[in-house]
Amino acid sequence: MLDINLIISDTKHVHDALLKKGFDVDFAPLIKLYDERKTLILKSDELKTKKNKLSASVPMVKKQGGDIEAIFAEVKALNKDIEKYDEKLAKVEKDIFDFLSPLPNMPDDDLLPGEKENNQVIKVFGEKPKFDFKPLDHVELCEKLGLVDYERAAKVSGRGTWFYTNLGARLEWALLNYFIDTHINDGYKFMLPPHILNEESGFTAGQFPKFKQDVFWLEGVEPKKFILPTAETALVNYHRNEILKEENLPEKLFAYTPCYRCEAGSYRTEERGMIRGYQFNKVEMFAYATEKNSKQCFEELVDKACKLVEGLGLHFRLSKLAAGDCSHSMARTYDIEVYIPSMDIYKEVSSASNANDYQARRGNIRYKDAETGKTKYCHTLNASGLATSRVFPALLEQCQNADGSVTIPQVLRKYMGGIEKLYPIK
RNA sequence: GGAGAAGUACCCAAGAGGUCGAAGGGGCUCCCCUGCUAAGGGAGUAGGCUUGUAAAAGGGCGCGAGGGUUCAAAUCCCUCCUUCUCCGCCA
């Protein structure tokens with residue numbers, strides 16, 4: 001949610017910022033609503049003051065034997081007027097809410113406008129692996145090495161899903177453990193959140209109202225519940241409606257969950273295998289910060305995500321996204337994209353974002369400023385650390401050998417009983 | 001899933017239709033005393049949102065959430081949410 005006061009006081013700035021995300025918003029109706037709201041509050045409050053005074057005088061008047069009935073009648077009349085104003089006010093406030101809630105976050109000033117084409121690669125790690133043989137794609141590798149079973153998953157569940165089998169499951173689990181242990185060592189708090197969330201949680205994260213159709217909803221359950229599309233949705237709601245202490249910020253968390261996404265119709269032939277599925281595993285980092293330390297937090301998250309991929313020895317790059325390619329709720333997003341040789345493209349394994357106070361406003365998450373004693377909105381940040389479904393294929397493809405085997409990165413071996421290589425099964 | 005009980009400020013807790021933004025503790029801040037500590041004595045400290053203003057003063061709304069009754073609701077009624085206890089079911 002954007003700050004209405006900022007919109008009123010600096011309309012052009014907000015307008016131009018949103019334009020960078022491709023939203024050309026006419027704020028005139030909002031400004032009108034804002035003024036109407038103030039007028040209505042003024043009027044309603046004035047009547048309420050009168051009413052409260054009259055009502056409070058009743059016991060006194062009674063004692064003195066005055067005319068109580070006259071007071072009753074007067075207050076009743078006032079109540080009718082108050083009701084009228086309050087109804088109008090409720091309508092205006094709802095209109096304001098409806099105006100603001102679908103608007104995206106403002107991108108930070110330094111972002112380029114536009115979409116993907118304006119993303120900037122800011123750093124490249126390692127280089128494209130060179131093969132003196134014809135490298136296989138990860139789907140073939142998974143099959144030959146017996147790591148993943150797509151066909152039976154199609155039978156059991158449907159397309160866009162898979163079984164990790166045997167060493168595939170161990171490799172997946174090793175990745176997750178490698179991520180988790182790294183975050184624990186870095187002092188992040190480990191969280192295992194519920195996977196079924198209520199509607200308010202979706203609103204706070206900024207996934208609703210816009211992306212309601214992208215998540216799985218439980219049928220026949222009241223009140224409505226959905227299955228989390230990312231642990232971020234749960235973590236950002238952890239402190240919903242709370243006032244935190246500044247001395248406890250930043251609060252750094254991480255969680256492991258599968259992520260469940262509909263993404264109906266977005267399945268492309270290019271995205272074979274596990275590049276895009278209805279369910280994938282992800283370790284998510286999250287931070288509650290203050291306006292003072294959120295930038296530093298962001299750098300740390302990006303750095304941590306990069307180090308994880310680096311630790312695996314994979315070639316990848318770090319991109320700063322243009323305004324229009326940032327998530328709806330985010331003021332800035334950096335993507336870590338790992339190289340997939342078979343497609344000769346880079347695929348996102350981590351998305352690090354700073355929402356500034358956008359999500360905090362939606363979820364009413366604040367902190368008390370230690371100096372001024374004032375309550376301020378928190379800044380919320382998140383970064384994948386990491387999503388396995390992209391790392392797994394990249395790892396197989398980048399680490400494959402001429403004999404069809406795949407070398408397990410050093411950091412994962414201790415989680416796989418010391419296995420150094422995966423070999424094709426007969 | 002069934003049956004009961006409860007949700008009040010940072011925490012515990014009183015409150016039973018007007019004088020309640022809400023007693024009393026604890027905590028916290030300051031002072032005194034005891035060479036330190038423990039203990040004791042005294043004083044102070046109540047939130048959030050919003051309106052208003054140069055700043056204030058002043059208003060309005062807030063006692064889990066939302067409705068209702070009433071001139072007047074923390075207090076009465078309804079719905080929902082949550083927690084606890086008991087029973088059932090179950091990994």
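Protein chains get the first letters and strands the later ones, always in sequence-line order, with residue 1 at the start of each.
Glycosidic conformation, B:G67: anti, with the torsion outside 90° of 0.
Nucleotides B:C77 and B:G17 have their P atoms positioned 12 Å apart, rounded to a whole Å. Remark: the separation of the C1' atoms in B:C63 and B:A46 is 14 Å, to the nearest Å. Between B:G41 and B:G47, the distance separating the two P atoms is 28 Å to the nearest Å. Comparing the same atom, C1', in B:G62 and in B:A73 gives a spacing of 13 Å after rounding to whole Å. Straight-line distance between the P atoms of B:U45 and B:A57: roughly 16 Å, to the nearest whole Å. One P atom belongs to B:U29, the other to B:C84, and the distance between them is 33 Å to the nearest Å. Taking the C1' atoms as reference points, B:U8 lies 14 Å from B:G24, given to the whole Å. Comparing the P positions of B:U70 and B:A14 gives a spacing of 31 Å, expressed to the nearest Å.
In this entry B:C10 has B:G26 as its Watson-Crick or G-U wobble partner, both defining distances falling under 3.5 Å. Nucleotide B:G17 forms no Watson-Crick or G-U wobble pair with any nucleotide shown, as no partner meets the under 3.5 Å limit on both distances. Across all strands shown, B:G52 forms no Watson-Crick or G-U wobble pair with both distances under 3.5 Å. Of all nucleotides present, only B:G68 satisfies the Watson-Crick or G-U wobble test against B:C76, with each distance under 3.5 Å. Using Watson-Crick or G-U wobble geometry with both donor-acceptor distances under 3.5 Å, B:G1 finds its partner in B:C87. In this structure B:A39 sits in no base pair that meets the Watson-Crick or G-U test at under 3.5 Å.
Across the protein-nucleic acid pair, A:Glu242 atom CD and B:G47 atom P stand 20 Å apart, rounded to whole Å. Remark: C1' of B:G60 and CG of A:Leu40 are 14 Å apart, rounded to the nearest angstrom. Note: CG (A:Asp35) to P (B:G52) measures 10 Å, nearest angstrom. The nearest whole Å value for the distance from the CG atom in A:Leu54 to the P atom in B:G60 is 12 Å. Remark: P of B:C81 and CG of A:Asn241 are 18 Å apart, rounded to the nearest angstrom. B:C71 atom C1' lies 17 Å from atom CE of A:Met60, rounded to whole Å. Spacing between atom CG of A:Asn364 and atom C1' of B:G48 amounts to 9 Å, rounded to whole angstrom units. The interatomic distance linking A:Glu83 (CD) with B:C61 (P) rounds to 15 Å, in whole Å.
Between B:G52, B:G60, B:A72, one nucleotide has an atom nearer to the side chain of A:Ser55 than all others, and that is B:A72. Taking every side-chain heavy atom of A:Lys368 into account, B:G47 is the closest of B:G18, B:U50, B:G47. The side chain of A:Thr49 lies closest to B:G60 when the candidates are B:G60, B:G18, B:C71. Nearest to the side-chain atoms of A:Val58 among the listed nucleotides B:G18, B:C61, B:U50 stands B:G18.
Between the side chain of A:Lys20 and the main chain of A:Leu111, a donor-acceptor pair closer than 3.5 Å is present.
Note on A:Thr375: a side-chain N or O is less than 4.0 Å away from OP1 or OP2 of B:C49. Distances shorter than 4.0 Å separate some side-chain N or O of A:Asn52 from OP1 or OP2 on B:G60. Taking side-chain N and O atoms only, A:Asn79 has a distance below 4.0 Å to OP1 or OP2 of B:A72. Side-chain nitrogen and oxygen atoms of A:Arg366 include at least one within less than 4.0 Å of the OP1 or OP2 phosphate oxygen of B:C49. Phosphate contact (OP1/OP2 of B:A72, side-chain N/O of A:Lys51, threshold under 4.0 Å): present.
Other residues, nucleotides and ligands contribute over 12 non-hydrogen atoms within 6.0 Å of the NZ atom of A:Lys225. Within 6.0 Å of atom CD in A:Glu219, 12 or fewer heavy atoms from other residues, nucleotides or ligands are found, so the atom counts as exposed in its surroundings.
For the pairing with A:Lys320, the side-chain contact (heavy atoms from CB on, under 4.5 Å) check across A:Leu112, A:Asp335, A:Asn118, A:Asp110 returns one residue only, A:Asp110.
Nearest heavy-atom pair across A:Phe286 and A:Glu232 is CE1-CG, 4.0 Å.
Between A:Phe179 and A:Tyr256, a ring centre-to-centre spacing not shorter than 6.0 Å is recorded.
At a threshold of 4.0 angstrom between heavy atoms, the contacts of A:Lys62 include nucleobase atoms, whether or not backbone atoms are also involved. Contact annotation for A:Leu42: backbone-only contact, meaning every heavy-atom pair under 4.0 Å involves sugar-phosphate atoms and none involves a base.
A cation-pi arrangement is not found for A:Lys304 relative to A:Phe254, the charged atom failing to lie both closer than 6.0 Å to the ring centre and inside a 45° cone about the ring normal.
Projected onto RNA chain B by closest heavy-atom contact, A:Lys225 and A:Ile68 fall at different nucleotides, the more 5' of which corresponds to A:Ile68. Mapped onto RNA chain B by nearest heavy atom, A:Ser57 and A:Ser44 fall at different nucleotides, with A:Ser57 at the one closer to the 5' end.
Classified by interplanar angle (parallel below 30°, tilted 30° to 60°, perpendicular above 60°), the ring pair A:Phe99/A:Phe27 is tilted.
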